[in-house]
Structure formats: structure tokens, C-alpha cells
Amino acid sequence: MIEFLKVNLDYGIFGILGLMSVIIVWFALERWIYYIRVKTHTFDIEEDLQISLTRGLTTISSIGVNAPYIGLLGTVLGILITFNDLGKGGEIDTSAIMLGLSLALKATAGGLLVAIPAIMIYNALLRKVDIITTRWKKENHQQSCLVDSTRANRTGDAKNASV
């Protein structure tokens, strides 16, 4: 089992982190294109707009939050492999320990390299959602004010005509 981990640990951890990165880029591009093309006037209810705008953001957030744990898992397994090799060797070589630990820590760095941009992308997309929602509210408020003033004018005209 340890030999299998020794050979495949980097491929497994960095493969997962690479897949997570591809998913983030895919969802971020899809959302950004959608935000550019969204027609807010087609939504009558704010909740429907919110659901449409936030689709896929949970995935980006989940990857951003969990990528450091994938990196940490790689680090822990790398340290486990290093200690196993030391236990089998019988002698303590500080250079071997340091090399093993430094190789193990690269998984944590990889996890952080995925997580930090993911959270930044998530926050940028959330800001765009807020802007689009505010624009929708403003447009709908202006339309409702126009409708209310038109109704008031019609009611006033009807009262004047009956007098």
C-alpha cells in the first residue's frame, strides 16, 4: 500500500486539484458569459432572477473551500511515506527527512494555488450578481412608479369627467 502511494500520490493529488481547476474555469466562464447576456426584463420575480444568477456558484465556492484539504491530505500522506521510509531504513538521515517533507508540502501549496483564485472568482461573480439584481430592482421600481402614476392620472381624469 505504501509503495502504491509513493508512486501515485502526486498524480492523484495533483490530478484532483487539476480537475478542480478545470471545473472552476468552466463554471466561471459560463457564468461570466451568462451575466453579459442575461436579459433582466424577462424576469418578473426577484427570486427567479436570483436562482438563475447564482446557478453554479456553489460549485466554485465548494472547490475553493475544499482544495486546501485535498492539498493537506497529500501532505499528510507524503509525511506518512517519509516516516515509513525512515522506519525501514534504520538510520536517520536529515537530508532524506527534509527532502521527504518538502515534497509532501508541495501538495498543500497546490491546494492553496487552487483555493485562492477560486474564492476570488466566487467573490467577483457574487458581486456581479449583486449588480445585476440591483439593476433589476431599479428597473422594476421605475416601471411600477410609471404604472402607479398612470393609474393615478386615469383615476383623476375619471373623477374630473364625472364632476
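Interatomic distance, N8 CG to E3 CD, rounded to the nearest 0.5 Å: 11.0 Å. Between I60 atom CD1 and N123 atom CG the span is 10.5 Å, to the nearest 0.5 Å. If you take CG on L112 and CG on L72, they are separated by 9.5 Å, rounding to the nearest 0.5 Å. Taken from OG1 in T40 to CG in N140, the straight-line distance is 7.5 Å, to the nearest 0.5 Å.
In this structure, the side-chain contact (heavy atoms from CB on, under 4.5 Å) partners of L9, at least two apart in sequence or on a different chain, are I13, L77, I81. With sequence neighbours excluded, no residue forms a salt bridge (charged side-chain N to carboxylate O under 4.0 Å, His left out) with E47. Remark: D10 engages K106 in a salt bridge (charged side-chain N to carboxylate O under 4.0 Å, His left out) (not counting sequence neighbours). The salt bridge (charged side-chain N to carboxylate O under 4.0 Å, His left out) check on E46 picks up K137, with sequence neighbours excluded. Every residue two or more places apart in sequence or in another chain was checked for a side chain to side chain donor-acceptor pair (under 3.5 Å) with T54, and none qualifies. Contacts of S61 classified as side-chain contact (heavy atoms from CB on, under 4.5 Å), with partners at least two apart in sequence or in another chain: V65, Y122. Applying the side-chain contact (heavy atoms from CB on, under 4.5 Å) rule to I33 yields the partners R37; only residues at least two apart in sequence or on another chain are considered. Residues that satisfy the side chain to side chain donor-acceptor pair (under 3.5 Å) test with S95, not counting sequence neighbours, are D93. With sequence neighbours excluded, the residues satisfying side-chain contact (heavy atoms from CB on, under 4.5 Å) with I23 are L19, F27, T59, I63.
Residue Y35 is grouped with residue W136 when hydrophobic side chains (ILVMFWY) are merged at heavy-atom distances under 4.5 angstrom, including chains of intermediate members. Note: the hydrophobic cluster containing I24 also contains L57 (ILVMFWY, side chain heavy atoms under 4.5 Å, direct or indirect links). Linking Ile, Leu, Val, Met, Phe, Trp and Tyr residues whenever their side-chain heavy atoms come within less than 4.5 Å places F14 and I16 in a single cluster. Two different hydrophobic clusters hold I79 and F4 under the rule that ILVMFWY side chains link at heavy-atom gaps under 4.5 Å. With hydrophobic clusters built from ILVMFWY side chains whose heavy atoms lie under 4.5 angstrom apart, W32 does not share a cluster with M120.
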Would you give me the side-chain donor-acceptor pairs under 3.5 Å for residues 125-135, sequence neighbours excluded?
residue	atom	partner	partner atom	Å
T133	OG1	Q50	NE2	2.8
T133	OG1	V129	O	2.8
T134	OG1	D130	O	2.8

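Considering only heavy atoms from C-beta on, I2 comes within 4.5 Å of L80 through its side chain.
Minimum heavy-atom separation, A115 to G64: CB-O, 3.2 Å. Nearest heavy atoms, L17 versus G110: CD1-C, 3.6 Å. Across all non-hydrogen atoms, the minimal contact from A104 to T75 is O-OG1, 3.0 Å.
L113 belongs to no hydrophobic cluster, as no Ile, Leu, Val, Met, Phe, Trp or Tyr side chain comes under 4.5 Å of its own. As a member of the Ile/Leu/Val/Met/Phe/Trp/Tyr network built from side-chain separations under 4.5 Å, V25 groups with L29.
Side-chain atoms of S52 do not come within 3.5 Å of backbone N or O of L49 as any donor-acceptor pair. Formation of a donor-acceptor pair under 3.5 Å by the R31 side chain with backbone atoms of R55 is found in this model.
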